[in-house]
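Here is the structure we will look at, set down as structure tokens.
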Amino acid sequence: MLVFRTKKELSNYISSLSKNENLGLVPTMGALHTGHASLVEKAVSENNTVVVSIFVNPTQFDNKEDLAKYPNTLDADLDLLSNVSEGIVVFSPSADEVYDHKIEAKKYDFEGLDTVMEGAYRDDHFNGVGTIVEALLTLVKPNRAYFGEKDFQQLQIIRKLVEQQHIPVEIIGCPIVRETSGLAMSSRNERLSKELRQKASFIYSTLLAAKEKFGTESANYVLNWVKNQFKEHVDLELEYIEITDVETLSPVTRKNENLKYRAFIAVYAGGVRLIDNIAL
Ligand code: PAF
């Protein structure tokens with residue numbers, strides 16, 4: 001497996017590829033798990049060459065402690081990737097290399113997609129995500145880039161980013177991969193105790209029940225029902241539950257048969273922040 005540390009090495013390699021080859025990009029922050037492996041497997045099945053970036057992007061963390069705690073597991077990540085395919089190209093740069101010694105986020109206007117939910121709770125988060133994703137897309141120039149639907153808001157913002165910046169790439173959203181309990185896979189799950197990890201499956205079972213209720217009840221009714229479920233759960237603290245239009249991410253007021261909706265949730269379990277979402 002090729003592992004590049006600098007932009008120059010990576011772009012030299014990419015320039016050496018035939019113009020007819022399809023190139024896939026899977027941006028990650030490392031601490032890879034089965035959810036990431038599913039993105040990489042899809043990318044490998046659809047492209048001749050796949051670049052996986054492993055870079056913990058400092059500008060998307062509003063909380064310094066969260067950044068400091070972010071796991072660095074490069075050796076295990078490379079093992080996981082080589083089990084998917086030996087032909088994967090890894091880009092694992094330093095922050096100074098990526099940001100040319102000027103580590104700051106650009107400012108974007110994502111037309112309201114970035115001010116709700118994660119954007120409302122995590123200052124500047126999506127400016128940081130936009131900055132790194134734009135930089136990676138510009139460097140790698142992939143035909144396709146793959147992102148998980150667990151970060152569905154991020155996925156919609158990246159679609160907006162490529163539209164606004166006229167970046168010629170197909171953005172592919174991939175389904176959420178879950179643990180057997182139903183908990184959405186995340187590198188943060190490793191920080192949960194065994195007991196809390198099991199209890200956190202309540203997040204998904206509540207989303208499933210909310211989906212069923214949304215078939216017959218109003219959005220307001222469902223939101224209140226979810227809030228009450230969490231009031232009764234001592235170990236899980238609900239930060240937000242929202243039901244939004246899939247395209248605009250604006251909260252649903254009255255249901256419209258012609259629109260698609262999704263429920264989004266953020267919950268603290270023993271100080272670990274977990275997010276999940278479900279198509280309704
Ligand atoms: O989803 C992530 O892991 C990150 O936000 C991303 C897209 C790799 C950007 O740093």
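Order of appearance sets the numbers: ligands from 1, and atoms from 1 within every ligand.
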Problem set entry | Basic-acidic side-chain contact under 4.0 Å: Asp124, Lys107 | yes
For this session: Pick out which of Phe55, Phe91, Tyr13 makes a ring pair (Phe, Tyr, Trp, His ring centres under 6.0 Å) with Phe4.
Result: Tyr13
Exercise. Do side-chain atoms of Asp245 reach the backbone of Glu247 as a donor and acceptor pair under 3.5 angstrom?
Worked result: yes
For this session: Run the numbers on Asp109 and Lys160 for salt bridge (charged side-chain N to carboxylate O under 4.0 Å, His left out), then give the verdict.
Result: CA-CA 10 Å; Asp109 175 1; Lys160 179 62 74 185; over 6 Å; no
Problem set entry | Any donor-acceptor pair under 3.5 Å from Tyr108 side chain to Gly130 backbone | yes
For this session: Could you tell me whether Glu217 and Lys213 have a side-chain N and a carboxylate O separated by less than 4.0 Å?
Result: no
Ligand 1: protein N/O within less than 3.5 Å of ligand N/O:
{"unit_1": "ligand 1", "atom_1": "1 (O)", "unit_2": "Gln154", "atom_2": "NE2", "d": "2.8"}
{"unit_1": "ligand 1", "atom_1": "5 (O)", "unit_2": "Gln60", "atom_2": "NE2", "d": "2.9"}
{"unit_1": "ligand 1", "atom_1": "5 (O)", "unit_2": "Gln154", "atom_2": "OE1", "d": "2.7"}
{"unit_1": "ligand 1", "atom_1": "10 (O)", "unit_2": "Gln60", "atom_2": "OE1", "d": "2.7"}

